[in-house]
Amino acid sequence: MTLIAILIGTLAAGIGSVWLAAALSFGVLARYTQHMLSLAAGALLATAFMHLLPEAFESPVGAHQLFMTLLIGLVFFFLLDKAELWHHGHEHHQHGSHDDHADHAHDHAHEHTHRSGGWAVLAGDSVHCFGDGILIASAFIADMRLGAIAALAVLAHEVPHHMGDLVVLRRLSSDRKAALVKVTLAGAVTALGGLLGYWLVDLLRDYLTYFLVMASSSFIYVALADLIPQLQKRLSLRETLAQIAWLLVGIGLVTVVDRKSTRLNSS
(Lines give C-alpha, C1' and ligand atoms only; values in the text may rest on other atoms or scores of the structure.)
Protein backbone atom coordinates (compact mmCIF):
# COMPACT_ATOMS: atom_id res chain seq x y z
CA MET A 1 0.00 0.00 0.00
CA THR A 2 2.84 2.39 0.87
CA LEU A 3 4.61 1.69 -2.42
CA ILE A 4 1.42 2.40 -4.39
CA ALA A 5 0.95 5.66 -2.49
CA ILE A 6 4.56 6.63 -3.25
CA LEU A 7 4.07 5.96 -6.96
CA ILE A 8 0.85 7.96 -7.07
CA GLY A 9 2.34 10.83 -5.08
CA THR A 10 5.56 11.03 -7.10
CA LEU A 11 3.78 10.83 -10.45
CA ALA A 12 1.26 13.48 -9.37
CA ALA A 13 4.04 15.79 -8.18
CA GLY A 14 6.44 15.12 -11.05
CA ILE A 15 4.06 15.13 -14.01
CA GLY A 16 1.31 17.27 -12.49
CA SER A 17 3.75 20.11 -11.87
CA VAL A 18 4.87 20.02 -15.52
CA TRP A 19 1.34 20.31 -16.88
CA LEU A 20 0.48 23.07 -14.42
CA ALA A 21 3.67 24.86 -15.49
CA ALA A 22 2.58 24.51 -19.11
CA ALA A 23 -0.80 26.04 -18.27
CA LEU A 24 0.92 28.95 -16.53
CA SER A 25 3.43 29.42 -19.35
CA PHE A 26 1.32 28.87 -22.45
CA GLY A 27 -2.31 28.83 -21.36
CA VAL A 28 -5.00 30.99 -19.85
CA LEU A 29 -3.36 30.79 -16.41
CA ALA A 30 -0.29 32.75 -17.53
CA ARG A 31 -1.40 35.82 -15.58
CA TYR A 32 -1.12 33.86 -12.31
CA THR A 33 2.58 33.04 -12.58
CA GLN A 34 3.59 35.47 -9.82
CA HIS A 35 0.89 34.16 -7.51
CA MET A 36 2.17 30.60 -7.98
CA LEU A 37 5.53 31.61 -6.52
CA SER A 38 3.87 32.93 -3.37
CA LEU A 39 1.68 29.84 -3.06
CA ALA A 40 4.66 27.51 -3.50
CA ALA A 41 6.70 29.36 -0.85
CA GLY A 42 3.84 29.11 1.64
CA ALA A 43 3.32 25.40 0.95
CA LEU A 44 7.01 24.58 1.34
CA LEU A 45 7.48 26.49 4.58
CA ALA A 46 4.28 25.08 6.09
CA THR A 47 5.28 21.53 5.15
CA ALA A 48 8.75 21.88 6.66
CA PHE A 49 7.89 23.75 9.88
CA MET A 50 4.40 22.42 10.64
CA HIS A 51 4.74 18.77 9.62
CA LEU A 52 8.13 17.28 8.72
CA LEU A 53 10.20 18.87 11.49
CA PRO A 54 7.61 18.26 14.26
CA GLU A 55 7.43 14.61 13.16
CA ALA A 56 11.23 14.34 13.31
CA PHE A 57 11.43 15.97 16.75
CA GLU A 58 8.99 13.42 18.16
CA SER A 59 11.68 10.77 17.71
CA PRO A 60 14.22 9.81 20.42
CA VAL A 61 16.99 11.56 18.45
CA GLY A 62 18.39 14.59 20.29
CA ALA A 63 17.55 18.13 19.19
CA HIS A 64 21.25 18.97 18.72
CA GLN A 65 21.69 16.16 16.19
CA LEU A 66 18.53 17.14 14.31
CA PHE A 67 19.50 20.81 14.08
CA MET A 68 22.97 19.79 12.91
CA THR A 69 21.36 17.64 10.21
CA LEU A 70 19.17 20.57 9.19
CA LEU A 71 22.23 22.81 8.91
CA ILE A 72 24.16 20.22 6.90
CA GLY A 73 21.15 19.83 4.62
CA LEU A 74 20.93 23.57 3.96
CA VAL A 75 24.65 23.73 3.09
CA PHE A 76 24.30 20.61 0.92
CA PHE A 77 21.46 22.05 -1.14
CA PHE A 78 23.30 25.36 -1.41
CA LEU A 79 26.26 23.50 -2.95
CA LEU A 80 23.94 21.67 -5.34
CA ASP A 81 22.43 24.99 -6.27
CA LYS A 82 25.90 26.34 -7.00
CA ALA A 83 26.64 23.33 -9.18
CA GLU A 84 23.39 23.98 -11.12
CA LEU A 85 22.32 20.39 -10.50
CA TRP A 86 19.48 21.16 -8.11
CA HIS A 87 18.25 24.53 -9.34
CA HIS A 88 19.25 24.83 -12.97
CA GLY A 89 16.43 27.35 -13.29
CA HIS A 90 17.71 29.46 -10.38
CA GLU A 91 17.88 32.63 -12.43
CA HIS A 92 14.18 32.36 -13.27
CA HIS A 93 12.83 35.64 -11.84
CA GLN A 94 9.54 37.43 -12.07
CA HIS A 95 9.34 41.05 -13.25
CA GLY A 96 5.73 41.99 -12.65
CA SER A 97 4.20 40.93 -15.97
CA HIS A 98 4.22 37.73 -17.96
CA ASP A 99 5.90 39.43 -20.90
CA ASP A 100 8.77 40.66 -18.72
CA HIS A 101 9.12 37.19 -17.26
CA ALA A 102 9.26 35.69 -20.73
CA ASP A 103 11.95 38.17 -21.86
CA HIS A 104 14.11 37.40 -18.84
CA ALA A 105 13.66 33.67 -19.28
CA HIS A 106 14.55 34.00 -22.95
CA ASP A 107 17.83 35.70 -21.96
CA HIS A 108 18.49 32.80 -19.62
CA ALA A 109 17.63 30.39 -22.41
CA HIS A 110 20.12 32.12 -24.70
CA GLU A 111 22.81 31.59 -22.06
CA HIS A 112 21.93 27.89 -21.84
CA THR A 113 22.04 27.57 -25.63
CA HIS A 114 25.67 28.67 -25.78
CA ARG A 115 26.75 26.57 -22.84
CA SER A 116 25.20 23.13 -23.21
CA GLY A 117 21.85 23.16 -24.95
CA GLY A 118 18.44 21.84 -23.98
CA TRP A 119 19.65 18.40 -22.96
CA ALA A 120 21.65 19.94 -20.11
CA VAL A 121 18.41 21.49 -18.88
CA LEU A 122 16.64 18.12 -18.99
CA ALA A 123 19.55 16.36 -17.30
CA GLY A 124 19.56 18.87 -14.45
CA ASP A 125 15.80 18.65 -14.13
CA SER A 126 15.95 14.85 -13.99
CA VAL A 127 18.48 14.95 -11.15
CA HIS A 128 16.26 17.42 -9.30
CA CYS A 129 13.14 15.30 -9.80
CA PHE A 130 14.95 12.12 -8.75
CA GLY A 131 15.91 13.77 -5.46
CA ASP A 132 12.33 14.96 -4.96
CA GLY A 133 11.12 11.38 -5.39
CA ILE A 134 13.40 10.15 -2.60
CA LEU A 135 12.17 12.92 -0.30
CA ILE A 136 8.51 12.09 -1.01
CA ALA A 137 9.16 8.39 -0.37
CA SER A 138 10.77 9.24 2.98
CA ALA A 139 7.67 11.16 4.02
CA PHE A 140 5.26 8.41 2.93
CA ILE A 141 7.21 5.75 4.83
CA ALA A 142 7.09 7.88 7.97
CA ASP A 143 3.37 8.57 7.66
CA MET A 144 0.83 8.55 4.81
CA ARG A 145 -0.34 12.00 5.85
CA LEU A 146 3.16 13.42 5.66
CA GLY A 147 3.63 11.80 2.26
CA ALA A 148 0.56 13.49 0.82
CA ILE A 149 1.68 16.86 2.21
CA ALA A 150 5.21 16.43 0.89
CA ALA A 151 3.92 15.49 -2.58
CA LEU A 152 1.77 18.65 -2.61
CA ALA A 153 4.73 20.79 -1.55
CA VAL A 154 6.98 19.29 -4.23
CA LEU A 155 4.30 19.85 -6.88
CA ALA A 156 3.99 23.50 -5.84
CA HIS A 157 7.71 24.27 -5.84
CA GLU A 158 8.44 22.40 -9.07
CA VAL A 159 6.04 24.53 -11.12
CA PRO A 160 8.30 27.63 -11.37
CA HIS A 161 11.29 25.44 -12.28
CA HIS A 162 9.41 23.61 -15.01
CA MET A 163 8.23 26.93 -16.37
CA GLY A 164 11.86 27.89 -16.84
CA ASP A 165 12.55 24.55 -18.54
CA LEU A 166 9.71 25.03 -20.99
CA VAL A 167 10.86 28.53 -21.90
CA VAL A 168 14.43 27.31 -22.50
CA LEU A 169 13.31 24.42 -24.72
CA ARG A 170 10.91 26.67 -26.63
CA ARG A 171 13.84 28.98 -27.31
CA LEU A 172 15.80 26.07 -28.82
CA SER A 173 12.83 24.70 -30.73
CA SER A 174 9.51 26.24 -31.68
CA ASP A 175 7.75 22.89 -31.14
CA ARG A 176 5.69 23.47 -28.00
CA LYS A 177 4.41 19.88 -27.81
CA ALA A 178 7.92 18.41 -28.05
CA ALA A 179 9.10 20.68 -25.24
CA LEU A 180 6.17 19.61 -23.08
CA VAL A 181 6.84 15.89 -23.74
CA LYS A 182 10.54 16.23 -22.86
CA VAL A 183 9.90 18.07 -19.60
CA THR A 184 7.11 15.60 -18.75
CA LEU A 185 9.56 12.71 -19.13
CA ALA A 186 12.00 14.50 -16.86
CA GLY A 187 9.21 15.00 -14.32
CA ALA A 188 8.38 11.29 -14.48
CA VAL A 189 11.86 10.57 -13.10
CA THR A 190 10.34 11.61 -9.75
CA ALA A 191 8.68 8.18 -9.65
CA LEU A 192 12.06 6.46 -10.15
CA GLY A 193 13.39 8.43 -7.19
CA GLY A 194 10.35 7.32 -5.23
CA LEU A 195 11.06 3.65 -5.99
CA LEU A 196 14.68 3.97 -4.92
CA GLY A 197 13.60 5.94 -1.87
CA TYR A 198 11.15 3.20 -0.88
CA TRP A 199 13.90 0.61 -0.99
CA LEU A 200 16.60 2.81 0.54
CA VAL A 201 14.56 4.35 3.36
CA ASP A 202 12.96 1.02 4.21
CA LEU A 203 16.44 -0.51 4.37
CA LEU A 204 17.66 2.34 6.56
CA ARG A 205 14.48 2.76 8.58
CA ASP A 206 16.44 3.56 11.75
CA TYR A 207 17.64 6.72 9.99
CA LEU A 208 14.19 7.81 8.82
CA THR A 209 14.21 10.79 11.17
CA TYR A 210 17.27 12.15 9.40
CA PHE A 211 15.62 11.70 6.00
CA LEU A 212 12.69 13.81 7.22
CA VAL A 213 15.02 16.58 8.40
CA MET A 214 16.87 16.51 5.07
CA ALA A 215 13.54 16.83 3.28
CA SER A 216 12.74 19.82 5.49
CA SER A 217 16.08 21.46 4.69
CA SER A 218 15.35 21.05 0.98
CA PHE A 219 11.94 22.72 1.26
CA ILE A 220 13.26 25.54 3.46
CA TYR A 221 16.17 26.22 1.13
CA VAL A 222 14.00 26.35 -1.99
CA ALA A 223 11.50 28.69 -0.32
CA LEU A 224 14.02 31.09 1.24
CA ALA A 225 16.81 31.04 -1.35
CA ASP A 226 14.87 30.67 -4.58
CA LEU A 227 11.20 31.60 -4.36
CA ILE A 228 10.93 34.38 -1.78
CA PRO A 229 13.86 36.44 -3.22
CA GLN A 230 11.89 36.60 -6.48
CA LEU A 231 9.04 38.18 -4.53
CA GLN A 232 11.22 40.76 -2.76
CA LYS A 233 10.66 43.87 -4.85
CA ARG A 234 8.79 47.12 -4.63
CA LEU A 235 5.12 46.61 -5.30
CA SER A 236 1.92 48.53 -4.81
CA LEU A 237 -0.10 47.91 -1.66
CA ARG A 238 -2.60 45.86 -3.65
CA GLU A 239 0.10 43.65 -5.18
CA THR A 240 1.76 43.18 -1.80
CA LEU A 241 -1.53 42.11 -0.22
CA ALA A 242 -2.04 39.66 -3.10
CA GLN A 243 1.39 38.16 -2.43
CA ILE A 244 0.58 37.71 1.24
CA ALA A 245 -2.83 36.25 0.41
CA TRP A 246 -1.36 33.63 -1.95
CA LEU A 247 1.35 32.81 0.61
CA LEU A 248 -1.43 32.11 3.12
CA VAL A 249 -3.27 30.05 0.49
CA GLY A 250 -0.19 27.84 0.19
CA ILE A 251 -0.11 27.37 3.96
CA GLY A 252 -3.85 26.72 3.95
CA LEU A 253 -3.60 24.06 1.26
CA VAL A 254 -1.09 22.12 3.33
CA THR A 255 -3.38 22.39 6.36
CA VAL A 256 -6.40 21.16 4.37
CA VAL A 257 -4.48 18.17 3.00
CA ASP A 258 -3.29 17.41 6.53
CA ARG A 259 -6.82 17.36 7.92
CA LYS A 260 -8.21 15.25 5.07
CA SER A 261 -5.35 12.76 5.39
CA THR A 262 -5.89 12.53 9.15
CA ARG A 263 -9.58 11.73 8.61
CA LEU A 264 -8.73 9.04 6.04
CA ASN A 265 -6.20 7.47 8.38
CA SER A 266 -8.65 7.44 11.29
CA SER A 267 -11.54 5.98 9.26
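The two residues Thr209 and Ala56 come nearest to each other via the heavy atoms CG2-O, 3.5 Å. Scanning both residues, Ala13 and Ile136, for their nearest heavy atoms gives CB-CD1, 3.9 Å. Between Met214 and Phe77 the shortest heavy-atom distance is O-CE1, 3.5 Å. Here the shortest heavy-atom pairing between Ile220 and Ala48 reads CG1-CB, 3.6 Å. Between Leu66 and Val213, the shortest heavy-atom distance links the atoms O-CG1, 3.5 Å. Pairing each heavy atom of Leu52 with each of Ala139, the nearest pair is CD2-CB, 4.3 Å.
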Go through the steps to decide whether Cys129 and Glu158 satisfy the test side-chain contact (heavy atoms from CB on, under 4.5 Å), and finish with yes or no.
-> CA-CA 9 Å; Cys129 291; Glu158 276 299 296; 4.0 Å; yes
What's the verdict on side-chain contact (heavy atoms from CB on, under 4.5 Å) for Leu7 and Leu195, showing C-alpha distance, side-chain angles and the deciding distance?
-> CA-CA 7 Å; Leu7 288 175; Leu195 289 175; 3.6 Å; yes
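In this structure, Phe57 has its ring center closer than 6.0 angstrom to the ring center of Phe67.
Met50 and Leu248 fall within a single hydrophobic cluster, where Ile, Leu, Val, Met, Phe, Trp and Tyr side chains are chained together by heavy-atom contacts under 4.5 Å. The same ILVMFWY cluster, assembled from side-chain heavy atoms under 4.5 Å apart, contains both Leu44 and Phe78. If you chain together hydrophobic residues whose side chains sit under 4.5 Å apart, Leu208 and Tyr210 fall into the same group. Cluster annotation: Ile251 and Leu224 are assigned to distinct hydrophobic clusters (Ile/Leu/Val/Met/Phe/Trp/Tyr, side-chain heavy-atom contacts under 4.5 Å, transitive). Residues Trp199 and Met1 do not share a hydrophobic cluster, clusters being chains of Ile/Leu/Val/Met/Phe/Trp/Tyr side chains in contact below 4.5 Å.
Between atom CZ of residue Phe140 and atom CG of residue Leu3 there is a gap of 11.0 Å, rounded to the nearest 0.5 Å. Once rounded to the nearest 0.5 Å, the distance linking OG1 of Thr10 with CG of Leu135 reads 12.0 Å. With rounding to the nearest 0.5 Å, the separation of OG in Ser217 from CZ in Phe76 is 9.0 Å. Atom CG of residue Asp132 and atom OG of residue Ser17 lie 8.5 Å apart, to the nearest 0.5 angstrom. Distance check: Leu212 CG to Ile141 CD1 gives 9.5 Å after rounding to the nearest 0.5 Å. Between the OH atom in Tyr221 and the CG atom in Leu74 there is a gap of 9.0 Å [rounded to 0.5 Å].
Under the 3.5 Å distance criterion, the side-chain polar atoms of Ser59 are left unmatched by any main-chain donor or acceptor of Glu55.
Checked against Phe219 for a side chain to side chain contact (heavy atoms under 4.5 Å, CB included), the options Leu45, Val154, Leu53 give a single hit: Val154.
Ile4 CD1: 12 or fewer foreign heavy atoms inside a 6.0 Å radius.
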